[in-house]
Every structure is written in C-alpha cells, then in structure tokens.
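Here's the structure we're looking at; comments come further down.
Hydrogens, waters and symmetry mates are skipped; everything else that's a heavy atom, side chains included, is used. Ligands are counted one by one from 1 in listed order, and the atoms in each one are counted from 1 as well.
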Amino acid sequence: MNVDLIIKSKWIAPVDSKESLIIDHAIVINNKKIVALCPHKEATDKFITSNIIELDNHILIPGLINAHCHAPMTLLRGIADDLPLEDWLNKKIWPLEEKFISQEFVEDGAELAIAEMILSGTTCFADMYFYPDCVAKKAIDSNMRVQLACPVLDFPTIWAQSADEYIQKTITIHDNYRNSELISVAFGPHAPYTVSDAPLKKIGALAEELDIPIHIHVHETEKEISDSMKEFGCRPLRRLSNLRLVSPRLNCVHATQLNEGEIELIAESGSNIVHCPASNMKLASGICNVSHLIKNDTNVCLGTDGAASNNELNLLKEARLASLLAKISSQDASSLPAHKTLEVMTINGARALGLEASIGSLEVGKLADITAISFEAVNTMPVNNPLSQVVYSANSTQVTHVWIGGRMVLRDRSLETIDMNAIKDKAKCWQHRFEQG
Ligand SMILES: [Zn+2]
C-alpha cells in the first residue's frame with residue numbers, strides 16, 4: 001500500500017486507554033490520518049513511501065491541545081503585569097484593547113501566537129477573541145487547528161453592539177466553517193458577570209441545537225462569587241445551572257473557587273474544567289482543585305489563557321505547573337502523575353472541545369496531529385522514564401517536529417507554514433505603536 005508518510009520513533013506515547021508506551025514503532029500516515037502504528041520493520045515491509053522520517057532519540061505524543069487562549073493578546077505580553085484580575089482587566093487590558101484593536105491587530109497577534117504554540121508542540125487551541133474570522137484566517141494559513149469560542153458580552157465592543165449581535169455573528173461563523181477541517185466553533189460568553197440571563201439562556205438552547213460547546217470564564221476569583229451573591233443571590237455556577245447551561249458541552253475556564261456541592265454538580269453534569277494554572281497564579285486568582293475533580297471523574301484539560309496573563313503559550317510548561325500545583329495544593333505527591341498529566345494535555349482537551357473522535361490520541365483512524373520531542377538534551381538524560389521526561393524535564397525547545405493533519409508544520413525547529421522574520425517585524429512594529437501611545 002502506498003502511503004504519504006512513515007515516522008519511525010524510539011518511543012511513542014499514544015495516550016490510549018491502556019496508558020501504553022511503545023518502543024521502536026512507527027506511525028504510518030495517509031490522507032491526513034493515522035493508518036497504522038506498528039514496529040519499524042513492519043511499517044517499511046507493508047507500506048511504500050519515499051517520505052520516511054527517522055527520530056532516533058525522540059518520543060511522539062499527540063499534538064498538545066491548548067483549551068483556552070486569547071491568541072491576539074500575545075501582542076499585549078508584559079504590558080500589564082503584577083495586578084489582580086479586576087485591575088488588570090479594567091485599568092489596563094480593556095482600555096488598551098479599546099485603543100488598539102483592529103483586524104490587523106487580531107491577525108498579527110494570532111499569527112505570533114500560532115508560531116509560539118507550534119514551536120512548543122501545540123496543534124490545536126480554543127480561542128476567545130474579537131474578529132474570530134481573522135484568527136481563523138491565520139490558522140488556515142499556518143495549517144493550525146482552532147476552535148473559535150466566539151465572544152458574547154452584554155456591552156458593545158468593536159466587534160458587535162449587543163448580546164444578540166454577538167450571538168448572530170457566532171451563528172454566521174459557525175455556518176461559514178461548517179465544512180472546515182481545521183476550524184470549529186463554540187459559543188464564548190465571556191463570564192457570568194459580563195453576560196445577563198436572557199443571552200445566556202439563548203446560548204444554552206442554540207448550543208444544543210448546533211451541537212457545539214459553550215466556553216466561559218467561571219468562578220475565576222473570590223470577588224466574582226461575592227459579587228454574584230449580591231446581584232443574583234446565588235453563586236455563578238448555580239446561576240448557570242438554573243439557566244440550564246451546566247452540561248457536557250460546558251467548558252468552565254479557571255474554576256478556582258469550587259465548593260463540595262459544585263464539584264459534585266460538575267461531576268454529575270459531565271461539564272469540563274479548563275485549568276489555567278499560570279494565569280491563576282499570576283493574577284493571584286486562586287487554585288483549581290484539580291486532584292479532587294479528577295478523583296470525581298471530571299474531565300480536566302489545560303489552557304494557557306492569553307499571553308497578557310501568563311506570559312507564555314507553552315503547554316509543556318503549563319502541564320508541569322499543573323502537576324506540581326496539584327501535588328502541593330492537595331498535599332499529595334501522587335496527584336496528577338506524568339501519564340495523567342499527558343491525558344490532561346491531549347485527549348482531555350479534545351474531549352472538552354468535542355473533537356475526541358478525530359484528535360487527542362495517536363490511534364488508527366484519527367487525524368495525524370503529532371508532536372515529536374527530542375531527549376537529546378542534558379536535562380532529559382538519561383531517559384529512565386520517557387513520560388516523566390516529557391512532563392517533568394523537557395523544555396519546549398526540545399520539540400523538534402510537529403504535524404497537523406499529517407502535514408509537517410515544524411521541521412527540526414523550523415516553521416514550515418509561517419514566515420518567522422515577518423512575524424518578528426510585525427511584533428516590533430506593534431511594540432513601537434504601544435510606545436507611541
Ligand atoms: Zn481567559
């Protein structure tokens with residue numbers, strides 16, 4: 001059988017239900033999908049291709065899934081540090097966005113973000129930002145996978161004037177990308193404190209009808225909870241539950257403030273948690289109780305949040321933080337072990353985005369979204385435990401190759417679909433504009 005590509009690797013962690021670690025195997029790819037996972041010799045005996053990549057001291061893992069980002073905000077990296085969420089948003093980020101956001105801003109920021117994510121092994125991200133079409137355009141240009149969590153707010157912004165207009169635009173975008181392989185769409189109501197009951201209810205019904213996720217910042221800070229108690233007489237999750245939004249299609253971003261009842265509600269409803277440890281720590285928002293959620297069989301995945309509150313879009317680093325934070329906060333060193341962390345970085349993200357059938361693990365029939373990490377660095381030697389090396393020791397600079405839908409987007413640390421020099425020039429240009437004020 002003729003195939004497009006064979007990747008031979010020393011190790012493969014497919015992230016399947018058996019927590020397998022396979023040695024001296026190859027992944028065979030044809031027409032964007034994985035058609036076989038077999039020993040090296042069998043791959044070259046059975047399949048014919050002129051395109052064979054040999055990775056002698058590497059591990060192949062599923063492409064990482066960044067389940068919460070605001071990609072264009074990469075341009076605002078370092079511009080508003082060391083502030084709590086409320087001041088960060090009200091005094092810095094929102095005024096800056098009001099002044100500078102344009103389609104050009106969104107495209108340039110998204111492209112910079114996509115470059116950073118591919119270079120650190122991410123092959124799919126969920127993005128909440130204005131002008132989602134511009135993010136989609138850059139994703140398609142760079143062959144990156146994205147779920148556009150189109151924002152909905154009560155108040156006007158450059159992208160829409162009313163909650164109804166945001167919702168209508170989301171439906172149009174959903175229609176436009178209905179047949180896209182790289183682009184999927186979700187509703188992205190910003191947060192319970194920025195969207196009122198009527199649009200939230202409408203979003204719940206429409207998400208059901210269109211069969212798409214709802215992506216929302218929720219229970220991010222203690223203040224969000226106390227404000228909600230004052231305004232609505234209940235905590236935000238209870239309010240979302242009353243509005244019938246708490247279901248398997250709900251992606252709760254942050255969730256640093258969960259009581260026992262809420263942890264149970266999440267588990268019973270099958271809602272997903274998008275854990276953003278770096279952003280939560282940097283804004284001093286709180287700690288998501290990942291250990292307890294996972295013990296209750298809740299699907300927990302990972303997000304970087306935007307680069308204005310992280311300040312990197314590096315999911316490998318995020319995963320290490322998540323694991324270490326879970327251990328110290330639960331006072332249990334066995335919390336979030338390496339293999340579980342790998343699930344959180346990959347298949348759990350796919351599940352939250354509703355894309356589990358096509359991505360998130362390296363299995364026959366799935367799209368070939370693959371990240372190769374080299375262990376040829378002193379900090380990952382000797383390779384006593386490859387999964388441990390990925391989660392606890394590897395740097396993003398050890399990501400050597402990345403494929404998305406079988407197409408190589410990173411080759412030996414060099415971006416194949418993005419002009420790195422052009423992006424750097426644009427970033428410098430934006431820096432200059434911010435300096436001018
Ligand atoms: Zn966010």
Side-chain angles (χ1 to χ4, degrees), residues 65-81 83-94 96-97 101 106 109-110 112-114 116-117 122 124-132 135 146-153 155 157 159 166 170 186-195 203 213-224 236-237 240 250-258 271-288 300-315 317-318 321-322 349 352-353:
I65 297 178
N66 181 355
H68 179 67
C69 192
H70 310 278
M73 292 179 84
T74 309
L75 291 178
L76 302 178
R77 194 194 317 266
I79 221 163
D81 287 334
L83 292 166
L85 178 70
E86 213 193 351
D87 291 347
W88 177 82
L89 263 182
N90 292 320
K91 294 186 183 163
K92 290 280 192 173
I93 296 301
W94 282 343
L96 273 166
E97 287 185 332
I101 283 189
V106 172
L112 180 64
I114 290 168
E116 186 182 358
M117 283 191 268
T122 292
C124 176
F125 66 108
D127 204 64
M128 185 194 279
Y129 213 68
F130 311 107
Y131 297 118
V135 176
V146 62
Q147 179 159 91
L148 306 168
C150 303
V152 179
L153 296 148
F155 49 85
T157 61
W159 192 54
Y166 289 101
T170 305
F187 281 105
H190 169 261
Y193 57 90
T194 47
V195 191
I203 287 167
I214 301 168
H215 188 107
I216 186 168
H217 299 101
V218 64
H219 285 217
E220 183 169 1
T221 62
E222 222 174 296
K223 188 173 183 305
E224 177 189 336
L237 256 178
L240 294 184
L250 185 68
N251 290 339
C252 305
V253 181
H254 299 306
T256 70
Q257 317 284 324
L258 295 177
S271 299
N272 308 280
I273 297 289
V274 187
H275 181 31
C276 304
S279 174
N280 294 156
M281 287 195 266
K282 187 158 184 286
L283 298 168
S285 298
I287 300 173
C288 177
V300 176
C301 56
L302 268 188
T304 56
D305 216 348
S309 67
N310 186 311
N311 298 1
E312 277 186 83
L313 307 179
N314 174 354
L315 212 75
K317 192 179 104 180
E318 205 70 31
L321 277 179
L353 271 51

Do you see an N/O/S atom of [X], backbone or side chain, under 2.8 Å from the Zn ion (ligand 1)?
X: His254; answer: no
X: His217; answer: yes
X: Cys276; answer: no

message: I'd like to check Glu224 versus Val218 (side-chain heavy atoms, cut-off strictly below 4.5 Å). Are they in contact?
response: yes
message: Could you tell me if Asn310 and Asp305 have a donor-acceptor pair between their side chains, going purely by distance under 3.5 Å?
response: no
message: If I take atom NZ from residue Lys92 and atom CG from residue Leu76, how far apart are they, to the nearest 0.5 angstrom?
response: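 Between atom NZ of Lys92 and atom CG of Leu76 there are 11.0 Å.
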query: Ring centroid separation for His215 and His217, is it under 6.0 angstrom?
result: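 Between His215 and His217, the centre distance exceeds or equals 6.0 Å.
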query: To the nearest 10 degrees, how large is the angle at the Zn ion (ligand 1) between His68 NE2 and Asp305 OD1?
result: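 His68 NE2 and Asp305 OD1 form an angle of 90° at the Zn ion (ligand 1).
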